[in-house]
Amino acid sequence: MSTTRLMILGLVKWLQPVHGYDVRRELMSWGVDQWANIQPGSIYHALRKLAEEGLLAEVATEQVGGRPARTTYRVTRAGDQEFQELLRRYWWEYQDPFDPFGAAFSYLPALPRREAVAALRNRVRLLEARIEPMRALLAGEPEWSKYKPAHVTWMAELTVARAEAEIAWCGRIADRIAAGEGWHDSEVDQAEFGRRWRAAIADEFGPGPVEK
């Protein structure tokens with residue numbers, strides 16, 4: 001929610017007074033669903049919540065013909081302070097992006113070797129499919145970015161660069177697993193492995209509590 005708060009507060013601050021519909025449309029044009037994990041359906045909910053918290057103020061609600069009513073927002077003094085705090089926190093701090101793949105990769109030995117290789121090759125395909133539209137946009141950068149701030153293009157470049165780095169990593173690790181590196185459950189005696197693992201932990205951290 002903190003990322004959503006930052007994006008919405010900042011955009012309302014720039015465009016105020018602004019309809020919630022325009023906030024949603026602009027954020028989606030930035031591709032925030034891909035790199036900020038902000039889904040289209042969550043934006044209106046976040047606008048209402050920020051207004052309830054006093055960070056946004058509802059300026060007016062208008063309805064034209066049979067169209068749904070549109071509420072216009074502006075940032076309050078408290079909202080501007082919240083924006084400034086979040087802005088500087090995320091500029092100066094680093095947080096590891098969360099991906100459940102990391103948890104699954106921790107148990108690499110539980111997969112058969114061939115399946116692990118196939119899964120990594122498939123991850124390459126998924127990543128390629130994800131960034132291919134962004135590559136196409138960047139290839140036609142002048143037209144795509146005509147009405148966007150330059151830093152929006154730079155953000156797209158960062159998304160592509162991160163994905164390309166992971167694509168290369170997946171390829172390397174798949175090759176190493178296919179060549180026989182690493183170990184897998186089907187290839188070792190589990191009882192012996194468990195004894196060696198516990199011995200290594202005890203050697204590094206000392207013996208654990210005595211079991212009764």
Side-chain angles (χ1 to χ4, degrees), residues 1-103 127 130-131 133-166:
M1 179 58 182
S2 294
T3 305
T4 305
R5 292 164 75 91
L6 172 67
M7 296 299 297
I8 290 179
L9 288 171
L11 192 58
V12 174
K13 178 181 171 68
W14 271 355
L15 303 179
Q16 62 185 338
V18 60
H19 290 120
Y21 173 81
D22 292 328
V23 171
R24 179 184 182 279
R25 182 178 60 182
E26 184 65 19
L27 288 178
M28 288 301 99
S29 77
W30 292 10
V32 295
D33 55 326
Q34 298 182 39
W35 52 265
N37 196 29
I38 299 176
Q39 301 307 313
S42 69
I43 293 174
Y44 290 124
H45 172 74
L47 284 164
R48 290 191 295 269
K49 183 172 178 58
L50 290 168
E52 290 172 1
E53 295 178 11
L55 302 179
L56 293 179
E58 297 182 1
V59 177
T61 300
E62 303 170 343
Q63 186 165 9
V64 179
R67 296 179 181 178
R70 291 186 178 181
T71 301
T72 303
Y73 296 92
R74 66 172 176 81
V75 174
T76 64
R77 181 177 297 179
D80 184 60
Q81 181 177 351
E82 175 82 356
F83 168 72
Q84 296 294 338
E85 290 176 356
L86 290 172
L87 177 68
R88 282 167 174 77
R89 179 193 306 173
Y90 294 140
W91 261 98
W92 288 93
E93 294 179 0
Y94 176 80
Q95 296 184 19
D96 289 320
F98 170 74
D99 183 347
F101 171 73
L127 287 166
R130 180 175 181 269
I131 63 172
M134 209 165 293
R135 281 174 172 159
L137 288 173
L138 290 172
E141 179 181 330
E143 184 61 29
W144 177 65
S145 60
K146 186 175 181 179
Y147 300 106
K148 290 181 173 60
H151 65 273
V152 174
T153 300
W154 300 338
M155 191 69 214
E157 291 176 359
L158 176 60
T159 300
V160 171
R162 285 174 170 171
E164 288 177 339
E166 186 170 349

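All figures in this text were calculated on a predicted structure; none of them were measured in a lab. Computed over heavy atoms, backbone and side chain alike; hydrogens, waters and symmetry mates excluded.
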Inset, instruction - Check side-chain contact (heavy atoms from CB on, under 4.5 Å) between Leu87 and all other residues, then give those that pass, not counting sequence neighbours. - result: Leu6, Phe83, Gln84, Trp91

Inset, instruction - Check side-chain contact (heavy atoms from CB on, under 4.5 Å) between Ala165 and all other residues, then give those that pass, not counting sequence neighbours. - result: none

Inset, instruction - Mind checking side-chain contact (heavy atoms from CB on, under 4.5 Å) for Arg162 and listing every partner two or more places apart, or none if nothing turns up? - result: Leu158

Inset, instruction - For Thr76 and Leu55, indicate whether the former's side chain and the latter's backbone hold a donor-acceptor pair under 3.5 Å. - result: yes

Legend entry - Heavy-atom closest pair, residues Ile131 and Ala163: CG2-CB, 3.4 Å

Inset, instruction - Mind checking salt bridge (charged side-chain N to carboxylate O under 4.0 Å, His left out) for Glu58 and listing every partner two or more places apart, or none if nothing turns up? - result: none

Legend entry - Flag side-chain contact, heavy atom, 4.5 Å: Thr4 against Ile43: no

Legend entry - With sequence neighbours excluded, residues passing side-chain contact (heavy atoms from CB on, under 4.5 Å) with Met7: Thr3, Leu27, Trp30, Val32, Trp35, Ile38

Legend entry - Contacts of Arg25 that satisfy salt bridge (charged side-chain N to carboxylate O under 4.0 Å, His left out) - sequence neighbours left out: Asp22

Inset, instruction - Could I get the full list of ring-ring contact (aromatic ring centres under 6.0 Å, His included) partners for Tyr90, not counting sequence neighbours? - result: none

Legend entry - Pairs flagged by salt bridge (Lys or Arg N to Asp or Glu O under 4.0 Å) wherever residues 78-91 is involved - sequence neighbours left out: Arg5-Glu82, Lys13-Asp80

Inset, instruction - State which residues pass side-chain hydrogen bond (donor to acceptor under 3.5 Å, both in side chains) with Thr159; sequence neighbours excluded, sorted by chain then number. - result: none

